[in-house]
Engineer: 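The structure that follows is given in the form of structure tokens.
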Amino acid sequence: MGSELFGKVLGIVGLGRIGKEVASRMQSFGMRTIGYDPITPPQVSASWGVEQMPLEELWPQCDYITVHTPLMPSTVGLLNDESFAKCKKGVKVVNCARGGIIDEAALLRALESGQCGGAGLDVFVEEPPKDRALVEHPNVISCPHLGASTKEAQARCGEDIALQMVDMVNGRKLIGAVNAQILVSTFTEESHQLIRLGEAVGALLQACTTSNKPLSSVQITTLGDSMKTSTSYLSSSVLVGLLKHDGCSPNLINVLSLSKEAGNQGKPEPLRGRRGV
Ligand SMILES: NC(=O)C1=CN([C@@H]2O[C@H](COP(=O)(O)OP(=O)(O)OC[C@H]3O[C@@H](n4cnc5c(N)ncnc54)[C@H](O)[C@@H]3O)[C@@H](O)[C@H]2O)C=CC1
Ligand SMILES: O=C(O)C(=O)COP(=O)(O)O
């Protein structure tokens, strides 16, 4: 015998882009939608029909819980033994966000005890999951991380990437790029020359270093207002020259993280006035 969504309470943890869309879709099944988000203001979510409340108040009210947050220290194990214990017996949970937001061991225990009546999982801590206990549980429906895998979504991704390329070539701000803002300012002939200069300075520094250990700190100082915009790519290009060796081919995008791994603190610092070197 099945049960209806109509009249049931859905708790949405994470009221960003997806949480909002989930709310509007599930409202059309006649669900009451409540939620929690530390950033989305309650009056904003109320305008799309989601009443916000602290998690302590939310857990005991829900027939269904769905999580739509990023995975970060504050969201690891959001649903754990303690929170499952506060839920209605038989609560059903969905994780289509990131493996680990619902603690997998706690979920298995809750499924075994009947505290959790069923789970829908698109994501796992380890993907594909080697531990099959959840996937093979009779009260779990799972899929292999394919929430974004539709023809339409992939076409939109392609379109976004093409638009980003055009923005980059036109020197416009890159929307959505987490590691490549630096590239926007590297499309002029002058910046190309400075990048080559930076790499040469880095290679020279490397050649002058007698120790095998990487330098622990490099300070790049530029002089004059016109150089202010160059500091980000200049410090990266010096690091490229510094870290380039057999087996390591850093570039302007990955070099900062590579240099942090090598223990270096690249420090861009524009200096104005006549004392700069
Ligand atoms: N399974 C899949 O294929 C897909 C999974 N995702 C995942 O879905 C999740 C949500 O994506 P979007 O809605 O696009 O992200 P979003 O950034 O628009 O929304 C995330 C929301 O979570 C909230 N949040 C942060 N910490 C929180 C906490 N401790 N408690 C409650 N809320 C918290 C943020 O304030 C934000 O409003 C992400 O983890 C994303 O990676 C996204 C697309 C496809
Ligand atoms: O966009 C997301 O956050 C996803 O989880 C989708 O992942 P994918 O791009 O399909 O590897």
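Atoms within each ligand, like the ligands themselves, are counted from 1 in listed order.
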Engineer: Could you tell me if the side chain of Leu146 sits less than 4.5 Å from the side chain of Asp122, heavy atoms only?
Structural biologist: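 Contact flag for Asp122/Leu146 side chains = yes.
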Engineer: Please determine if Leu146 has a nitrogen or oxygen closer than 3.5 Å to a nitrogen or oxygen of ligand 1.
Structural biologist: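 Min N/O separation from ligand 1 is not below 3.5 Å for Leu146.
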Engineer: Could you check whether atom CD1 of Ile141 has more than 12 heavy atoms from other residues, nucleotides or ligands sitting under 6.0 Å from it?
Structural biologist: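 No, not enclosed.
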Engineer: At a 4.0 Å threshold, what atoms of ligand 1 neighbour a non-hydrogen atom of Val13?
Structural biologist: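 Reading through ligand 1 atom by atom, the close ones are 31 (C).
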Engineer: Compute the shortest N/O to N/O distance between Thr69 and ligand 1 and return yes if it is under 3.5 Å, no if not.
Structural biologist: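 N/O-N/O distance under 3.5 Å: yes.
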Engineer: Just which atoms of ligand 1 are under 4.0 Å from any heavy atom in Cys96?
Structural biologist: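 Counting from 1, the qualifying ligand atoms are 1 (N), 2 (C), 4 (C), 5 (C).
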Engineer: State whether a side-chain donor-acceptor pair under 3.5 Å links Ser83 with Asn80.
Structural biologist: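 Judged by distance alone, the side chains do pair up.
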Engineer: Taking only heavy atoms of His145, which atoms of ligand 1 are found under 4.0 Å from at least one of them?
Structural biologist: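 So the answer, numbered in order with elements, is 1 (N), 2 (C), 3 (O).
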Engineer: Between the candidates Leu78, Ile39, Asp37, which shows the shortest non-hydrogen contact distance to atom 36 (C) of ligand 1?
Structural biologist: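 It is Asp37 that holds the nearest heavy atom.
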Engineer: Taking only heavy atoms of His68, which atoms of ligand 1 are found under 4.0 Å from at least one of them?
Structural biologist: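 Close to His68: 10 (C), 20 (C), 21 (C), 22 (O).
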Engineer: Hey, looking at atom 27 (C) of ligand 1, which of Ala153, Pro38, Ala97 has the closest heavy atom?
Structural biologist: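 Heavy atom nearest to atom 27 (C) of ligand 1 belongs to Pro38.
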Engineer: Give yes if a backbone or side-chain nitrogen or oxygen of Leu71 is under 3.5 Å from a nitrogen or oxygen of ligand 1, and no if not.
Structural biologist: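 No; every N/O pair is 3.5 Å or more apart.
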Engineer: Got a salt bridge between Glu82 and Lys86, using NZ or NE/NH1/NH2 to carboxylate O under 4.0 Å?
Structural biologist: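 Looking at Glu82 and Lys86, the cut-off is met.
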Engineer: More than 12 foreign heavy atoms under 6.0 Å from CD of Glu4: is that the case here?
Structural biologist: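 No, the 6.0 Å shell around CD holds no more than 12 heavy atoms from other groups.
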Engineer: Quick check: does Ile18 get an N/O under 3.5 Å from an N/O on ligand 1?
Structural biologist: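 Indeed, backbone or side chain, Ile18 has an N or O that close.
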Engineer: For Lys244 and Gln206, what are the C-alpha separation, side-chain angles and deciding distance, and is it a side-chain contact (heavy atoms from CB on, under 4.5 Å)?
Structural biologist: CA-CA 9 Å; Lys244 204 180 265 178; Gln206 182 58 46; over 6 Å; no
Engineer: Which ligand 1 atoms are under 4.0 Å away from a heavy-atom of Thr40?
Structural biologist: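 Counting from 1, the qualifying ligand atoms are 37 (O).
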Engineer: Are Leu243 and Ile195 in one and the same hydrophobic cluster, where Ile, Leu, Val, Met, Phe, Trp and Tyr link if side-chain heavy atoms are under 4.5 Å apart?
Structural biologist: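 Yes, same cluster.
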Engineer: For ligand 1, which atoms sit closer than 4.0 Å to a heavy atom of Leu15?
Structural biologist: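 Going through ligand 1 atom by atom, the ones under 4.0 Å from Leu15 are 37 (O).
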Engineer: Any atom of ligand 1 sitting under 4.0 Å from a heavy atom of Lys20?
Structural biologist: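 No.
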Engineer: If I compare all heavy atoms of Leu194 with all of Leu234, which pair ends up nearest, and what's the gap?
Structural biologist: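 Reported closest heavy-atom pair: O-CD1, 3.4 Å.
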Engineer: Any salt bridge between Glu21 and Arg25, counting N to O under 4.0 Å?
Structural biologist: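 Salt bridge flag = yes for Arg25 with Glu21.
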Engineer: If you count the atoms of ligand 1 from 1 in the order shown, which ones are under 4.0 Å from a heavy atom of Thr75?
Structural biologist: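 Counting from 1, the qualifying ligand atoms are 26 (N), 27 (C), 28 (C), 29 (N).
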Engineer: Could you list which atoms of ligand 1 come closer than 4.0 Å to a heavy atom of Met72?
Structural biologist: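 In order of number, 25 (C), 26 (N).
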Engineer: Within the structure provided, determine whether Leu107 and Leu121 are in side-chain contact (heavy-atom separation under 4.5 Å).
Structural biologist: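 Answer yes - side chains close enough.
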